[in-house]
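Reading through the structure tokens given below for one structure.
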Amino acid sequence: MKTRITELLGIQYPVIQGGMAWVANAQLAAHVSKAGGLGLIGAANAPAEWVRSQIREAREITDLPVGVNVMLLSEHADEVAQVIIEEKVPVVTTGAGNPAKYMQGWKEANVKVIPVVASVALAKMMQRAGADAVVAEGMESGGHIGEATTMTLVPQVVNAVDIPVIAAGGVGDGRGMAAALMLGADAVQIGTRFVVAKECTVSQEYKNRIIAAKDIDSVITGRKNGHPIRSLRNQMTREYLEMEKNDVPFEEMEHLTLGALRRAVVEGDVKMGTVMAGQIAGLIAKEQTCEEIIQELVAETKEIYQKRAEIIL
Ligand code: TUI
């Protein structure tokens, strides 16, 4: 496949793996890149030296480009931004904020910068600041989300900027990928489906919870504190939402979410941990290798492009 994103990044297929906190490590990222997409190491709240070691570990697995996602709310974001330059990381995505203060340094170091945005306003600002592309992420996504849906956000961002747009949120198979391309996107970013990749090292309980998920199994917590997070419904989200409804002070609810993503990902506690996943979890039925996932996505997308042309008389 050939789009402005495959050309920009030198990758075979317009498929980018989400830079998921605690999930997107060197193993997953390297295997996505090896399969022809772009893998990303999710820096999340991790210290910069962990990120450096992950970058080096990915390079032991593949010579193909592997990027880093910088979570801008992290207290380590400044040092991670520097490690990206020192390690000559070819591409960076950012999330949960405005990466303007790092832009000049990254551009000077020839790092391709792809901010994740949840609004047209931020997309335009990022283009002005020199971004090479943007990820337009709808609220179908797992984790920290904005307000707009993918279906509505992507075409509006495509109209607002000239740089390539990558669609994220709700894409889990070739139908979603073809639809995103039809909205004007030059690639898709996929998270949830890669969580159940064979090469993904999350707990088996986390994968099983995604595979068992139904269409309406995700909920949004944290709306009141300004950091809305989509995750799969469980005992933790029920207790949290009940406290939110009763206006319990934020500090008294924190114990529920503190370290909760780690509890689910590492310890397999999918009852009291945070099982971040997108709304497309209900579509995801089995574990596959990164290679199988990407080959299936591409084959389905190609088939749709050919078959659906029939409806035009
Ligand atoms: O960042 C994500 N998804 C994430 S980050 C994350 S870890 C986390 N932990 C605790 C609290 C918050 C996050 C889990 N999932 N996606 C990209 C994304 N960025 N979605 C929405 C946004 C966003 C929202 C507001 C980007 C910018 C923004 O405002 C920009 C500004 O001007 O501050």
Side-chain angles (χ1 to χ4, degrees), residues 16-25 40-46 50-51 67-77 80 92-103 113-129 131 133-150 152-154 157 165-171 188-192 194-195 202 206 218-232 236-237 240 250 253-265 273-281:
I16 290 155
Q17 164 241 314
M20 301 166 284
W22 280 100
V23 173
N25 58 16
L40 293 169
I41 294 161
N45 283 306
W50 179 85
V51 179
V68 171
N69 172 271
V70 181
M71 211 281 281
L72 295 165
L73 293 170
S74 168
E75 58 178 305
H76 305 293
V80 170
V92 57
T93 66
T94 62
N98 182 340
K101 71 167 170 168
Y102 304 120
M103 216 79 140
V113 184
I114 309 183
V116 178
V117 302
S119 69
V120 166
L122 190 60
K124 286 164 90 168
M125 204 186 298
M126 292 299 99
Q127 169 168 276
R128 271 201 305 277
V134 288
V135 176
E137 190 184 274
M139 57 87 80
E140 296 93 321
S141 303
H144 181 59
I145 53 172
E147 292 289 342
T149 60
T150 305
T152 58
L153 181 66
V154 171
V157 171
V165 175
I166 299 160
V171 181
V188 293
Q189 178 183 280
I190 292 180
T192 308
F194 283 121
V195 179
V202 301
Y206 202 112
S218 77
V219 292
I220 301 170
T221 54
R223 270 207 167 106
K224 270 196 185 149
N225 73 32
H227 293 305
I229 299 274
R230 182 183 299 287
S231 65
L232 295 177
M236 188 280 293
T237 66
Y240 190 99
F250 175 61
M253 304 166 61
E254 226 183 354
H255 73 277
L256 278 176
T257 51
L258 208 68
L261 182 58
R262 181 187 183 281
R263 268 204 296 283
V265 169
T274 306
V275 186
M276 290 186 192
Q279 286 187 314
I280 203 65

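Order of appearance sets the numbers: ligands from 1, and atoms from 1 within every ligand. Note that the numbering runs from 1 along the sequence shown for the chain.
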Looking only at distances, please establish whether an N/O atom of ligand 1 is found under 3.5 Å from an N/O atom of [X].
X	value
H144	yes
H227	no
G142	no

Hey, is V117 one of the residues with a heavy atom under 4.0 angstrom from ligand 1?
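No, that is not the case, since the closest heavy atom of the residue is not under 4.0 Å from the ligand.
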Tell me whether ligand 1 is touched by G97 - counting only heavy atoms on the residue side and a distance under 4.0 Å.
yes
Quick one: which of V116, I145, N98 has a heavy atom closest to atom 31 (C) of ligand 1?
N98
Closest to atom 16 (N) of ligand 1 (judged by heavy-atom distance), picking from M20, E137, R230
E137
Heavy-atom distances under 4.0 Å are what count here, so tell me which part of L261 touches ligand 1: side chain, backbone, both or neither.
neither
For L73, which part has a heavy atom under 4.0 Å from ligand 1: side chain, backbone, both, or neither?
side chain
Yes or no on side chain to side chain contact (heavy atoms under 4.5 Å, CB included) for I166 and V134, after CA distance, side-chain angles and deciding distance?
CA-CA 6 Å; I166 299 160; V134 288; over 6 Å; no
Top protein contact for [atom], by heavy-atom distance:
atom	value
atom 1 (O) of ligand 1	A96 N, 3.4 Å
atom 8 (C) of ligand 1	M71 CE, 3.8 Å
atom 10 (C) of ligand 1	I229 CD1, 4.5 Å

Heavy atoms, side chains only, cut-off 4.5 Å: are [X] and [Y] in contact?
X	Y	value
M139	I220	yes
Q189	Q17	no
M125	N98	yes
R263	T274	no

If we count only non-hydrogen protein atoms and require a distance under 4.0 Å, does atom 4 (C) of ligand 1 qualify as touching the protein?
yes
Within 4.0 Å of atom 18 (C) of ligand 1 (strictly less), any protein heavy atom?
yes
Would M71 and H144 satisfy side chain to side chain contact (heavy atoms under 4.5 Å, CB included), going step by step from the backbone distance to the final call?
CA-CA 10 Å; M71 211 281 281; H144 181 59; over 6 Å; no
Going through the checks in order, is the side chain to side chain contact (heavy atoms under 4.5 Å, CB included) test met by H227 and L73?
CA-CA 10 Å; H227 293 305; L73 293 170; 3.7 Å; yes
Go through the steps for E140 and T150 under the test side chain to side chain donor-acceptor pair (under 3.5 Å), then give the verdict.
CA-CA 7 Å; E140 296 93 321; T150 305; 2.9 Å; yes
Could you tell me, atom by atom, which parts of ligand 1 come under 4.0 Å of a heavy atom of G143?
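In order of number, 14 (C), 15 (N).
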Mind running side chain to side chain contact (heavy atoms under 4.5 Å, CB included) on R230 and Q279 for me, showing each step along the way?
CA-CA 8 Å; R230 182 183 299 287; Q279 286 187 314; 3.5 Å; yes
Within the supplied structure, the quantity of interest is the number of heavy atoms (other residues, nucleotides, ligands) at a distance under 6.0 Å from E254 CD; does it exceed 12?
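Correct, the count exceeds 12.
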